[in-house]
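Single-structure report; data block below.
The shown structure was predicted, so the numbers you read here are calculated from the model rather than taken from an experiment.
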Amino acid sequence: MNKEGFKSGFVSIIGRPNVGKSTLLNQVLGQKIAIMSDKPQTTRNKIQGVYTNEDSQIVFIDTPGIHKPKHKLGDYMTKIAQNTLNEVDLILFLINAEEGYGRGDQFIIDRLEKTDQPIFLVINKIDKVHPDDLLPLIAQYREKLNFAEIIPISALNGNNVTTLMEQITRYLEEGPQYYPEDQVTDHPERFIVAELIREKVLHLTREEVPHSVAVVIDQMVPQESGNLVDITATIIVERPSQKGIIIGKQGKMLKEVGSRARVDMEHLLGSKVYLELWVKVQKDWRNRPFNLRDYGFNEEDY
Ligand SMILES: Nc1nc2c(ncn2[C@@H]2O[C@H](COP(=O)(O)OP(=O)(O)OP(=O)(O)O)[C@@H](O)[C@H]2O)c(=O)[nH]1
Ligand SMILES: [Mg+2]
């Protein structure tokens, strides 16, 4: 049954890679459910984050940055992001204030033109630019598309995010509470645990290595004795040389990945974590449908 006056809806966050979509999701939820890094193409799946208060429930969908795909995984990522456009009530088109308009944006705008839902232009990273620089940027984007609202924010420090939330709520219609108020995401803890490991690899490696990595959780067992979870995970890379980098001299890199990931996991799970990491080479996995499925990228998710 709907509560009287209760508003709800689905809101997709889309944009080029690295503009701060996942940072915005985590900021809104006050909790880290989507990994973040300064490397483009950090997010690979769509990630649902549920914001609930007394009067409303907003289901945000964080998506992979839309880019020109170079392999089947990229293809999957871009498709999954574009397809969310049809399932939502409102679209947040995020851009980076510092970078401004680019060809990647035009590609997205072409798709946005075909949708009927209201679209907000959300100008992120305003902490990095002078306020005077915003006006020409707004003028430029306004010419490209008819935006319902244009809202400058800083997802990182939370500046103006409350205004964004108020505006979103204004556009939502009355509707049911889709999820219990304590549910924050649709993804199991197992998924986030794997992502946290991948995030540390993204933070600690460079060039092609971060993009060549997938993480699989082999087991995740809470110990009966109490406050401890046993986790075994495998980091998959594409080449033996990458395996060497991930393990590092005398296992130093793998140890660092593990200890950083463990801190975040303990925070997420609220218990101590015993983490064991393995590294495996799976040649060209980003182009192999069979491997992609194994590592959690299913075409049925589109
Ligand atoms: N200065 C500043 N940095 C930001 C802001 N929002 C995000 N960032 C940084 O931008 C980088 C990318 O952030 P993400 O949230 O991972 O970006 P994304 O759009 O989800 O990226 P993909 O998943 O690769 O598409 C990170 O280093 C963030 O810390 C902001 O408002 N200000
Ligand atoms: Mg992201």
Side-chain angles (χ1 to χ4, degrees), residues 2 6-17 19-29 31 33-34 36 41-53 55-67 75-95 104-124 141 144-151 153 155 161-181 183-187 191 297-302:
N2 293 2
F6 193 85
K7 287 180 154 192
S8 64
F10 288 77
V11 176
S12 160
I13 310 173
I14 68 152
R16 277 149 63 184
V19 294
K21 298 178 293 297
S22 300
T23 307
L24 174 60
L25 181 77
N26 293 333
Q27 175 68 249
V28 160
L29 299 177
Q31 194 175 328
I33 61 160
M36 302 165 283
Q41 297 164 40
T42 295
T43 305
R44 289 174 173 169
N45 311 74
K46 60 177 172 186
I47 298 171
Q48 206 165 282
V50 188
Y51 170 90
T52 313
N53 68 14
D55 321 303
S56 62
Q57 181 166 76
I58 310 170
V59 184
F60 288 94
I61 301 166
D62 179 21
T63 64
I66 295 178
H67 63 281
D75 215 31
Y76 168 92
M77 288 160 59
T78 300
K79 274 197 186 125
I80 217 165
Q82 291 182 46
N83 285 355
T84 60
L85 297 179
N86 308 317
E87 321 165 346
V88 295
D89 304 298
L90 179 81
I91 296 163
L92 305 182
F93 174 35
L94 222 69
I95 62 165
D105 285 322
Q106 191 54 50
F107 180 80
I108 299 172
I109 288 169
D110 290 343
R111 265 126 208 99
L112 290 176
E113 270 174 353
K114 298 186 190 120
T115 65
D116 299 327
Q117 301 97 318
I119 301 162
F120 287 11
L121 179 69
V122 179
I123 306 175
N124 189 31
Y141 276 88
K144 313 276 176 203
L145 200 71
N146 185 19
F147 294 104
E149 302 289 339
I150 297 179
I151 304 172
I153 64 161
V161 170
T162 317
T163 308
L164 173 64
M165 293 296 283
E166 282 164 8
Q167 289 298 332
I168 292 171
T169 312
R170 232 165 48 84
Y171 278 76
L172 295 182
E173 298 190 358
E174 279 192 26
Q177 184 179 319
Y178 295 101
Y179 296 96
E181 52 248 22
Q183 180 164 350
V184 176
T185 177
D186 62 334
H187 278 292
F191 170 84
F297 308 102
N298 288 312
E299 278 185 23
E300 294 128 46
D301 298 341
Y302 285 169

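Between the CD1 atom of I95 and the CG atom of L121 there is a distance of 4.5 Å, given to the nearest 0.5 Å. Distance check, rounded to the nearest 0.5 Å: OG1 of T115 to CD of Q82 gives 11.5 Å. Once rounded to the nearest 0.5 Å, the distance linking CG of N86 with NZ of K114 reads 10.5 Å. Going from atom CG of L90 over to atom OH of Y171 covers 8.5 Å, rounded to the nearest 0.5 Å. E299 CD to I80 CD1: the interatomic distance, rounded to the nearest 0.5 Å, is 10.0 Å. With rounding to the nearest 0.5 Å, the separation of CD1 in I91 from OG1 in T84 is 7.5 Å.
When the salt bridge (charged side-chain N to carboxylate O under 4.0 Å, His left out) test is applied to K46, the partners found at least two apart in sequence or on another chain are E87. Taking T23 as the reference, M36, A155, L156 meet the side-chain contact (heavy atoms from CB on, under 4.5 Å) condition, with sequence neighbours excluded. Applying the side-chain contact (heavy atoms from CB on, under 4.5 Å) test to N45 and every residue at least two apart in sequence or in another chain returns Y76, F191, F297. S56 is linked by a side-chain hydrogen bond (donor to acceptor under 3.5 Å, both in side chains) to N53, counting only residues two or more places apart in sequence or in another chain. Scanning for salt bridge (charged side-chain N to carboxylate O under 4.0 Å, His left out) contacts around R16 gives E99, D105, with sequence neighbours left out. For Q27, the side-chain contact (heavy atoms from CB on, under 4.5 Å) criterion is met by V161, not counting sequence neighbours. Every residue meeting the side-chain hydrogen bond (donor to acceptor under 3.5 Å, both in side chains) condition with E181, not counting sequence neighbours, appears here in chain and number order: Q177. By the side-chain hydrogen bond (donor to acceptor under 3.5 Å, both in side chains) test, Q167 is found to be paired with R170, residues two or more places apart in sequence or in another chain being considered. Y179 pairs by the side-chain contact (heavy atoms from CB on, under 4.5 Å) definition with Q48, V50, Q57, V59, Q183, not counting sequence neighbours. A search for salt bridge (charged side-chain N to carboxylate O under 4.0 Å, His left out) contacts involving D110 returns nothing, not counting sequence neighbours. Not counting sequence neighbours, the partners of S22 by the side-chain hydrogen bond (donor to acceptor under 3.5 Å, both in side chains) test are T43, D62. The salt bridge (charged side-chain N to carboxylate O under 4.0 Å, His left out) search around K144 returns none, not counting sequence neighbours.
Between the side chain of Q41 and the backbone N or O of P17, no donor-acceptor pair lies under 3.5 Å. The closest donor-acceptor contact from the side chain of N124 to the backbone of L94 lies at 3.5 Å or more, if one exists at all. For D89 (side chain) and Q117 (main-chain N/O), no donor-acceptor pair under 3.5 Å exists by modelled atom type. Put simply, the side chain of T63 gets close to the backbone of I13: a donor and an acceptor are under 3.5 Å apart.
Taking all atoms of both residues into account, the shortest heavy-atom contact from P64 to A81 is O-CB, 3.4 Å. Among all heavy-atom pairs drawn from Y178 and G9, the shortest one is CE1-N, 4.3 Å. Closest of all the heavy-atom pairs between S12 and L85 is OG-CD2, 4.5 Å. Of all the heavy atoms in A148 and P118, the pair that sits closest is CB-CB, 4.0 Å.
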>> With side-chain contact (heavy atoms from CB on, under 4.5 Å) as the criterion, how do I58 and V28 come out once you've worked through the C-alpha distance, each side chain's angles and the decisive distance to 0.1 Å?
In response: CA-CA 10 Å; I58 310 170; V28 160; over 6 Å; no
> Hey, mind stepping through F60 and I168 against side-chain contact (heavy atoms from CB on, under 4.5 Å) and telling me if it holds?
Replying inline: CA-CA 11 Å; F60 288 94; I168 292 171; 3.8 Å; yes
>> For T185 and L29: C-alpha separation, side-chain torsions, deciding distance, then whether side-chain contact (heavy atoms from CB on, under 4.5 Å) applies.
In response: CA-CA 10 Å; T185 177; L29 299 177; over 6 Å; no
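The side-chain heavy atoms of H67 and M77, taken from C-beta on, include a pair separated by under 4.5 Å. Contact of the I66 side chain with the T78 side chain is registered, since non-hydrogen atoms from C-beta on lie closer than 4.5 Å. Side chains of L164 and L24 form a contact here, defined as non-hydrogen atoms less than 4.5 Å apart. H187 has its side chain within reach of I47: a pair of non-hydrogen atoms, C-beta onward, lies under 4.5 Å apart.
A 6.0 Å sphere centred on CD of E173 holds no more than 12 heavy atoms belonging to other residues, nucleotides or ligands.
Considering I123, L145, I150, I109 as possible partners of F93, the one that fulfils the side-chain contact (heavy atoms from CB on, under 4.5 Å) test is I109.
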